[in-house]
Amino acid sequence: MAQTPSSEARAGLKLISPPALYAILMLAAPLATVLVYSVLTGERGRVSLPLTLENYYDLVTRPVYSALMFRSLTVSFFVTLATVLLAYPIAYFVSFHVAPSRKALWLFLITIPFWTSYIIRVALWRTILGYDGIFDSVVMGLGITDTQPNILSNGVLSIIITLAHAYAPFAVLPIFVSLEKVDRSLLEAGQDLGESRLMTFLRVTLPLSLPGVVAAVLIVFIPTVGDYVTPELIGGGKTPMIANLMEVAMLKQRDQALGSAIAVAAMTIVALISVFFVLWNKRYLGGRK
Amino acid sequence: MTFSADRPTMIEFKDVHKYYGDYHALRGINGTIKAGEFFSLLGPSGCGKTTLLRTIAGFEDISSGVVMIDGKDMAGVPANVRPTNMVFQSYAIFPHMSVAENVGFGLRRDPRSKAEKAQAVAEALEMVGLKGYGNRAAHALSGGQRQRVALARALILKPKVLLLDEPLSALDKKMREHMQVELIKLQRQVGITFILVTHDQEEALVMSDRIAVMFEGEIAQLADPETLYRRPATRKVADFIGTMNFIPAEILSESGDKVEVEAKGLGRATLDISQAPARTGETPVVGLRPETLTLLYDGQPAAERETEGVIDEVIYFGDMTYYDVYLGGTDVEVRLSMRNVPGRPVLEVGAKVRVAWSPQALVLFR
């Protein structure tokens with residue numbers, strides 16, 4: 001019987017080997033390639049030795065890179081904030097105020113935006129936010145302003161609005177799941193022990209749903225930092241973010257080494273911020289003690 | 001019973017009704033619970049006992065009627081300002097807090113200093129036998145410990161009424177019996193009115209000063225444990241509390257304070273009117289508890305009456321033996337219990353025996 005664990009482990013390895021191989025090929029190998037490329041010299045679509053830190057030196061010294069990285073992080077920060085703040089009440093409503101038999105239907109309805117291609121949704125936001133668009137007409141029709149606000153002319157703001165709309169459903173689901181796991185008798189206990197509904201929410205429901213909020217933050221923050229399509233389509237490329245810069249380096253300048261360095265730098269920053277956020281959350285907001 | 005009936009009223013129900021849609025969950029509850037009383041709501045699942053408890057706590061609105069706590073009408077008073085605290089069936093321990101944070105949860109608006117509150121928490125933990133557990137993680141506690149935390153968390157707020165929703169049902173038998181005794185001691189120590197919801201009749205008998213037996217949203221009988229056991233008001237109550245033999249009977253005459261009956265297999269007996277609770281219109285039967293029947297061994301005379309019988313089944317329990325006996329040439333079977341003391345061999349199936357009984361132990365349901 002002593003051999004059972006090792007033979008089980010072997011069987012387990014055999015079972016996971018196809019997906020593991022796939023993951024190595026599709027994830028680890030490209031990642032390694034990018035890492036290696038980033039310390040080579042790139043020219044005319046080729047990379048060559050010797051090893052150099054020139055690319056990283058460029059990133060640090062030329063202000064355009066840090067400016068666009070900062071813009072990407074700012075956009076992501078506000079998109080994450082807006083998404084989580086909007087998603088929490090929706091998740092709360094579905095979890096606490098929708099009859100159990102109807103919950104699946106509600107979650108299904110929340111996914112409706114995914115039925116339309118993202119490109120089309122971005123185009124629709126252009127129509128809504130653009131000069132004399134739907135938003136302008138409504139605002140002016142109500143007599144709130146005399147001139148067209150033309151939000152689309154503010155690249156960062158329109159990118160934030162568009163991305164926040166796109167990612168809201170992603171944030172609703174993890175928060176919903178964590179709220180579903182909150183034992184309802186805990187809420188009665190909170191009230192029984194003298195707290196109002198609001199205080200019970202703040203002291204019981206909210207802390208217990210934080211794992212879902214953390215998941216939502218990561219799910220929204222990480223991909224939006226590297227978003228490429230939205231700045232390209234919303235601002236007509238006039239408000240580029242870090243991913244657009246990567247494209248320029250890779251495809252326009254044909255400097256794959258520099259492009260790789262930008263990718264590695266962006267990845268590192270996002271990873272650091274995410275890890276820091278998770279640790280901070282554990283330390284100060286307290287998960288389960 | 002140490003309980004005295006002249007204590008002031010703590011809780012009063014006046015014709016309380018509760019509907020869930022068409023479902024009539026509480027059907028006119030009346031009654032009072034005295035201050036300092038250990039009171040139990042006993043009944044099978046779905047009888048409305050938990051609903052009634054939750055109307056006291058303020059978690060359920062009532063459809064009509066009045067619930068008074070300490071002389072105040074509770075209509076429109078939310079749960080968080082009622083002078084009651086609850087020990088939930090699931091214990092509802094906050095999993096994201098330590099034991100001390102759980103116990104101190106309700107002290108947020110208490111004007112005392114932090115140190116005084118910490119002291120109060122430590123005292124509450126000591127009272128429930130969890131001294132030094134304050135820093136433990138709540139989710140790492142055993143079932144019995146969780147229950148103690150729930151008790152400390154409720155009692156630290158010094159409520160007028162402590163509500164216990166089947167608090168012992170999740171514990172194993174040994175632990176349950178241990179906690180029953182602890183709860184009784186605790187209740188005497190703090191002097192707070194305890195209201196216990198349980199479906200376990202034995203638990204209710206052991207722990208309570210008085211018990212309300214509920215069936216289908218109504219209180220069938222509200223009495224102290226001894227009355228409930230010895231003089232159940234209806235056949236249903238008698239059947240729910242402990243074991244009772246029901247023997248078909250015929251009422252021969254009823255005059256003043258005496259009722260004369262002819263019970264199948266037992267014969268004629270004259271009962272005091274106190275042995276015959278109010279009529280409910282059912283087919284007359286007399287009830288007999290197993291321990292009021294005795295098997296007579298050779299040469300042993302009956303104290304009052306005796307009847308021939310044949311043993312049909314022997315159920316050996318160690319300290320006791322239960323016998324199912326056919327009464328004298330009839331198909332009426334009664335269960336009787338005998339202590340297994342020296343000189344009393346366990347008899348075998350088919351043995352002819354004499355069964356002693358007393359007319360005073362009979363209860364007539366009609």
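Since the structure is predicted, the reported quantities are computational estimates derived from the model, not experimental observations. Residue numbers start from 1 in every chain, and the chains themselves are labelled A, B, ... in the order their sequence lines are given, proteins ahead of strands.
- Ranked by heavy-atom pairs under 4.5 Å with chain A, the list B:Pro159, B:Ser90, B:Gly106, B:Ala92 is led by B:Ala92.
- In terms of heavy atoms, B:Ile93 sits closest to A:Leu186 at O-CD2, 3.3 Å.
- The shortest side-chain heavy-atom distance between A:Asp192 and B:Phe88 falls under the 4.5 Å cut-off.
- With rounding to the nearest 0.5 angstrom, the CE atom of B:Met86 is 12.0 Å from the CD atom of A:Gln191.
- Shown here is A:Arg197, whose CZ atom has no more than 12 heavy atoms of other residues, nucleotides or ligands within 6.0 Å.
- Expressed to the nearest 0.5 Å, how far CG of B:Asn80 lies from CD of A:Glu188 amounts to 12.5 Å.
- Contact annotation for B:Phe94: both backbone and side-chain heavy atoms come within less than 4.5 Å of a heavy atom of chain A.
- Atom CG of B:Asn135 has 12 or fewer neighbouring heavy atoms from other residues, nucleotides or ligands inside a 6.0 Å radius.
- Between the NE2 atom in B:His96 and the CG atom in A:Leu210 there is a gap of 9.0 Å [rounded to 0.5 Å].
- More than 12 heavy atoms of other shown residues, nucleotides or ligands fall within 6.0 angstrom of atom OH in B:Tyr23.
- Using a 4.5 Å cut-off between heavy atoms, A:Arg203 contacts chain B through both its backbone and its side chain.
- Sparse packing is recorded around CD of B:Glu216, with 12 or fewer heavy atoms of other residues, nucleotides or ligands lying under 6.0 Å away.
- In this structure, A:Phe78 places its CZ atom where only 12 or fewer heavy-atom neighbours from other residues, nucleotides or ligands lie under 6.0 Å away.
- Contacts between B:Arg153 and chain A at a heavy-atom distance below 4.5 Å involve backbone atoms as well as side-chain atoms.
- For A:Lys103, the NZ atom counts as densely surrounded, since its 6.0 Å shell holds more than 12 non-hydrogen atoms of other residues, nucleotides or ligands.
- Counting non-hydrogen atoms of neighbouring residues, nucleotides and ligands closer than 6.0 angstrom, the CZ atom of A:Phe70 reaches no more than 12 such neighbours.
- Closest heavy-atom contact between B:Arg109 and A:Gly194: NH2-O, 2.7 Å.
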